[in-house]
Asker: 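Structure incoming, see below.
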Amino acid sequence: MSIVLENVKDLDLSQTLSCGQCFRWKEHPDGSFSGVVRGRYARVSPDGDRLILDGADEADRAMWFDYFDLGLDYAKVRQELSAIHPTLAEAACYAPGIRILDQEPFEALISFIISQNNNIKRITGIVDRLCERFGEPIGADAPHAFPTAQRLAALSPDDLAPIRAGFRQRYIIDAARKVADGTIDLEQIRALPYDEARSKLMQITGVGVKVADCVLLYGLHRLDGFPLDVWMKRAMAALFEGIEPSDFGQYAGIAQQYIFHYARMHPELF
DNA sequence: TGCCAGGCAGGGA
DNA sequence: TCCCTGCATGGC
């Protein structure tokens with residue numbers, strides 16, 4: 001079974017799936033990517049302005065459409081961003097195919113807890129081991145689903161030793177327990193004003209400003225905040241001197257991705 | 001072999 | 001409030 005998404009524009013799978021906003025996609029030699037989203041497996045291949053999702057069910061069409069944020073006109077967004085500042089226009093050229101994925105909130109929370117003081121390759125390995133050991137199997141040849149909060153909440157930090165997440169293990173368990181018992185309601189947080197949402201997430205041990213902003217952007221698809229971590233502040237100072245972050249409005253998240261790639265291309269600025 | 005990673009918690013000043 | 005240090009592990 002497979003589904004085809006038509007009229008897909010401004011999506012580069014490699015840029016979008018390998019830029020560090022998600023950690024569960026594997027690239028294949030033919031340019032396709034396989035991964036699991038919300039417990040559903042698919043192997044995704046670009047075909048002109050179509051996106052072919054092998055293994056995906058027709059009933060999940062809307063879920064995949066939303067996951068890749070295909071309802072937002074990114075060319076228009078880029079145009080508006082570029083009008084703000086010439087440097088941003090330049091930055092936009094570096095990653096025109098990035099879309100901000102609409103990820104499952106708990107997966108994003110745990111993934112970005114794991115990301116702290118870490119690198120993408122190792123984050124991916126830890127997430128893989130977490131899913132393999134504690135996620136539900138979804139098919140013979142497919143990776144496991146991301147584990148539920150309830151499943152992880154029943155564990156102790158020591159139980160996570162096999163995933164080799166180090167000091168982050170107790171953070172993962174604290175997050176899972178707070179989500180499982182309702183102390184942290186991620187869907188409720190989605191609707192809160194940005195600062196309140198961030199403060200709520202920071203009640204979890206191991207979640208600071210950076211992790212909270214990543215969860216809000218990538219897990220709750222909040223494009224109205226702006227990451228304030230040290231790296232980003234440096235990037236802003238270098239690239240957008242004189243521009244108030246609030247000017248970026250709802251497109252702040254997308255700007256972050258452009259800045260990220262711009263920074264990679266211009267390490268001398270940092 | 002040693003440095004460092006897309007932070008954060010905890011403790012002291 | 002600010003600054004400093006330790007943290008587990010593994011990629012490079």
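Lettering follows sequence order; numbering is per chain, from 1.
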Asker: Please name the nucleotide paired to dG12(B) by Watson-Crick or G-U wobble geometry with both distances under 3.5 Å, or report none.
Answerer: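 The base-pairing partner of dG12(B), which may sit in any strand shown, is dC2(C).
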Asker: Using only heavy-atom distances, determine whether the side chains of D159(A) and S156(A) contain a donor-acceptor pair under 3.5 Å.
Answerer: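 Side chains of D159(A) and S156(A): pair found under 3.5 Å.
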Asker: Without decimals, in angstroms, what is the distance between D174(A) CG and dA9(B) C1'?
Answerer: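 In whole Å, dA9(B) C1' and D174(A) CG are 12 Å from each other.
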Asker: Whole angstroms only, please: what is the CD1-P distance between I172(A) and dC8(B)?
Answerer: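 These atoms are roughly 14 Å apart.
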Asker: Determine, for nucleotides 2-12 of chain C in 5'-to-3' order, which nucleotides have protein heavy atoms under 4.0 Å from the base (write B), from only the sugar-phosphate (write S), or from neither (write -).
Answerer: -----BBBSSS
Asker: Are the charged groups of E132(A) and R129(A) less than 4.0 angstrom apart, N to O?
Answerer: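 Here E132(A) does not pair with R129(A) in a salt bridge, since their nearest N and O are not under 4.0 Å apart.
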Asker: Using the P atom as the point on both nucleotides, what is the distance between dG11(B) and dA8(C), in whole Å?
Answerer: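 Between the two P atoms, the distance is 14 Å.
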Asker: How many Å lie between CG on L109(A) and C1' on dG7(B), as a whole number?
Answerer: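 Atom CG in L109(A) sits about 14 Å away from atom C1' in dG7(B).
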Asker: Rounded to whole angstrom units, what separation is found between the CD1 atom of I123(A) and the P atom of dG6(B)?
Answerer: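 Distance check: I123(A) CD1 to dG6(B) P gives 7 Å.
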Asker: Would you check if there is a donor-acceptor pair between the side chains of D69(A) and Y74(A) at a distance under 3.5 Å?
Answerer: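 Yes, side-chain donor-acceptor contact under 3.5 Å.
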Asker: Rounded to the nearest 0.5 Å, how far does NZ of K210(A) lie from CZ of R198(A)?
Answerer: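 If I round to the nearest 0.5 Å, the distance is 12.0 Å.
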Asker: CZ of R168(A) to CD of Q116(A): how many Å apart, nearest 0.5 Å?
Answerer: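 If I round to the nearest 0.5 Å, the distance is 6.0 Å.
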Asker: Could you tell me the separation between the CZ atom of F23(A) and the P atom of dA5(B), rounded to a whole number of Å?
Answerer: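 In whole Å, dA5(B) P and F23(A) CZ are 16 Å from each other.
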Asker: When the C1' atoms of dC2(C) and dG6(B) are considered, how many whole Å apart are they?
Answerer: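 It comes out at 23 Å once rounded to the nearest Å.
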Asker: If dT1(B) has a Watson-Crick or G-U wobble mate with both distances under 3.5 Å, name it; if not, just say none.
Answerer: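 Across all strands, not a single nucleotide pairs with dT1(B).
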Asker: Can you find a side-chain donor-acceptor pair between S32(A) and D30(A) that sits under 3.5 Å?
Answerer: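 Checked: S32(A)/D30(A) side chains pair up, N/O donor to acceptor below 3.5 Å.
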Asker: Is there a donor on the side chain of K210(A) or the base of dG6(B) sitting less than 3.5 Å from an acceptor on the other?
Answerer: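 Flag set: donor-acceptor pair detected.
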